[in-house]
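One structure is given below, encoded as structure tokens.
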Amino acid sequence: MTHPKSRPRPMGRIAFASLIGTTVEFYDFFIFGTAAALVFGATFFPALGPAGGTLASLATFGVAFVARPFGSAFFGHFGDRLGRKVTLISTLMLMGGSTVAIGLLPTAATIGAAAPILLVLLRILQGIALGGEWAGAVLLAGEHAPSEKRGFYTMFPQLGPGIGLALALGTFLATGLTMSNEAFVSWGWRIPFLASVVMVAIGLFVRLKIAETPNFEKLKSANHVAKAPVWEVIRNKPVQLLAGAGSLAMAFAMFHTGATWLIGYGPTALGLSRSTVLSLGVLGALAFAAMVLVGGALSDRRGRRFVIMSAALVSIPWSLVLLPIVGTGAPLAFAVAVIVTLGISGYAYGPVGAQLPELFPTRYRYTGAGIAYSLSGVVGGALPPLIAEALIPRFGTQAVGYYLVCYGLITVGSLLVLRLETKAIDFDALETTEPEGAAQA
């Protein structure tokens with residue numbers, strides 16, 4: 001009988017399927033962040049005033065990060081039991097439906113307190129969807145890819161945040177430039193949310209044509225599918241779960257500082273125009289994507305650990321000079337701040353699509369990689385915009401830099417705990433089952 005892994009693997013189509021899915025999901029996720037920084041304070045939290053409304057809208061943005069580990073556990077369960085493909089189709093549909101619903105949601109001026117409540121609920125659904133999406137997308141690429149090129153092929157779904165962010169900011173920029181500020185705040189902000197339906201349809205069309213991964217097919221044919229993947233991860237790989245999450249903390253913190261907090265800080269604190277900030281944000285997103293390419297490809301030669309560690313070490317001095325550069329208020333300085341911050345993040349993020357799955361066996365790889373990724377998102381994604389906004393009034397802007405240094409140190413420490421380089425791991429050679437009670441450091 002021919003083994004599933006012997007069939008030809010159309011890696012170009014598989015890479016594109018993983019890329020288009022994460023691009024759609026992150027576009028949907030990031031248009032909320034952009035709208036939270038620019039519009040939602042006035043439209044959904046008007047009673048709190050400008051500062052309070054911005055803080056409340058950023059908190060709403062952060063709610064999705066708290067929901068993501070639950071999405072990773074929920075969809076990871078089915079991804080490890082039913083397969084990667086069917087689970088990825090479900091996450092894409094959930095994200096698309098939630099995003100379109102936000103675009104149709106009445107504001108506080110129309111339905112009062114129900115508006116922010118519904119906004120939070122829809123944002124939670126977005127977080128659950130993205131929590132299930134990422135691991136499935138990187139496994140779709142990584143479990144089809146040859147071992148020696150796993151970093152390269154898993155780099156394609158890692159491009160999703162950069163391209164999705166560029167599309168999100170570009171859509172808001174185009175919308176804002178073609179209408180008055182009053183129209184944009186009144187109804188124009190809805191267009192990027194409603195436009196998501198087209199991208200979701202494309203993503204579904206592509207994913208429906210992709211086969212299940214050979215590693216899961218092998219697991220299923222051997223009848224070694226996990227019965228309780230979440231419990232097996234917690235019991236057998238607690239160190240990998242927590243240290244894996246910590247290894248990504250700096251990349252998340254830098255990304256959401258550059259992609260969310262600075263996008264709101266530029267117009268409100270520095271007096272830069274919305275169009276200038278959004279344009280520079282698009283450049284930053286493209287810099288992120290370019291450095292994802294570099295980091296992912298380089299990790300196949302130098303190792304995942306080397307790339308992520310070097311990015312973390314660079315992030316520490318950069319964090320200390322970031323706010324002084326931004327504080328000059330010059331558009332060029334702001335551009336440098338956004339581009340370098342997102343570039344550092346992208347370089348570290350490139351290898352992660354290979355690194356986190358390599359910490360877990362096929363049996364519960366979807367669940368383990370997904371939960372580690374989402375836990376890092378809570379610490380490194382949800383907190384930096386909120387804490388930066390809270391630190392400045394009490395301690396000044398430089399406190400934000402010191403805070404970001406902590407994320408660099410967390411990543412360095414986590415990589416030291418993990419110790420071993422993972423790039424040589426062969427998914428096909430991994431055990432499909434583990435001894436009862438096995439736990440590896």
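Note that the numbering runs from 1 along the sequence shown for the chain.
- Not counting sequence neighbours, R68 has no partner by the salt bridge (Lys or Arg N to Asp or Glu O under 4.0 Å) test.
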Begin with the C-alpha distance, continue with both residues' side-chain angles, and end with the deciding distance and a verdict on ring pair (Phe, Tyr, Trp, His ring centres under 6.0 Å) for F78 and Y366. CA-CA 9 Å; F78 293 104; Y366 198 128; over 10 Å; no
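- Put simply, the residue from T99, D28, T171 that forms a side chain to side chain donor-acceptor pair (under 3.5 Å) with S196 is D28.
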Could you please spell out the steps behind the side-chain contact (heavy atoms from CB on, under 4.5 Å) verdict for L420 and R305? CA-CA 8 Å; L420 298 178; R305 194 171 184 264; over 6 Å; no
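- The distance from atom CZ of R304 to atom CG of L415, rounded to the nearest 0.5 Å, is 13.0 Å.
- The OG atom of S345 sits 7.0 Å away from the CE atom of M250 when rounded to the nearest 0.5 Å.
- Looking at W318 and T341, their side chains do bring a donor and an acceptor atom within 3.5 Å of each other.
- Q398 is listed as a side-chain neighbour of L320, based on a closest heavy-atom distance under 4.5 Å.
- The aromatic ring centroids of Y373 and F252 lie less than 6.0 Å from each other.
- Between I31 and W189, the closest side-chain pair of non-hydrogen atoms is not below 4.5 Å.
- When each of F65, W261, F288 is tested with H256 by the rule ring pair (Phe, Tyr, Trp, His ring centres under 6.0 Å), just one qualifies, namely F65.
- With respect to the salt-bridge test (charged N to carboxylate O, under 4.0 angstrom), the residues K423 and E358 do not qualify.
- Ion pairing between a basic and an acidic side chain is recognised when a charged N comes within 4.0 Å of a carboxylate O; E212 and K220 show no such pairing.
- Taking the six-membered ring for Trp, F193 and Y27 have ring centres at least 6.0 Å apart.
- Side-chain polar atoms of S72 and S374 form a donor-acceptor pair below 3.5 angstrom.
- Ring pair F70/F74: centre-to-centre distance not below 6.0 Å.
- Centroid-to-centroid, the aromatic rings of F40 and F45 stay 6.0 Å apart or farther.
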Under the criterion side-chain contact (heavy atoms from CB on, under 4.5 Å), I'd like the reasoning laid out for Y407 against S315: C-alpha separation, chi angles, the key distance, then a yes or no. CA-CA 9 Å; Y407 284 101; S315 77; over 6 Å; no
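- Among residues at least two apart or in separate chains, salt bridge (Lys or Arg N to Asp or Glu O under 4.0 Å) pairs with a member in residues 80-104 are D80-R84, R84-E143.
- Nearest heavy atoms, L262 versus V338: CD1-CG2, 4.0 Å.
- A donor atom on one side chain and an acceptor atom on the other are not found under 3.5 Å apart for Q355 and S299.
- Pairs passing the salt bridge (Lys or Arg N to Asp or Glu O under 4.0 Å) check and including a residue from residues 114-138, sequence neighbours excluded, read E133-R207.
- Nearest heavy atom pair, residue T268 against residue G264, reads OG1-O, 2.8 Å.
- Contact check for L88 versus L140: side-chain heavy atoms found under the 4.5 Å cut-off.
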Let's go through F255 and Y349 carefully: what are the C-alpha distance in whole Å and the side-chain angles of both, what is the deciding distance for ring pair (Phe, Tyr, Trp, His ring centres under 6.0 Å) to 0.1 Å, and is it a yes or a no? CA-CA 9 Å; F255 184 88; Y349 191 73; 7.3 Å; no
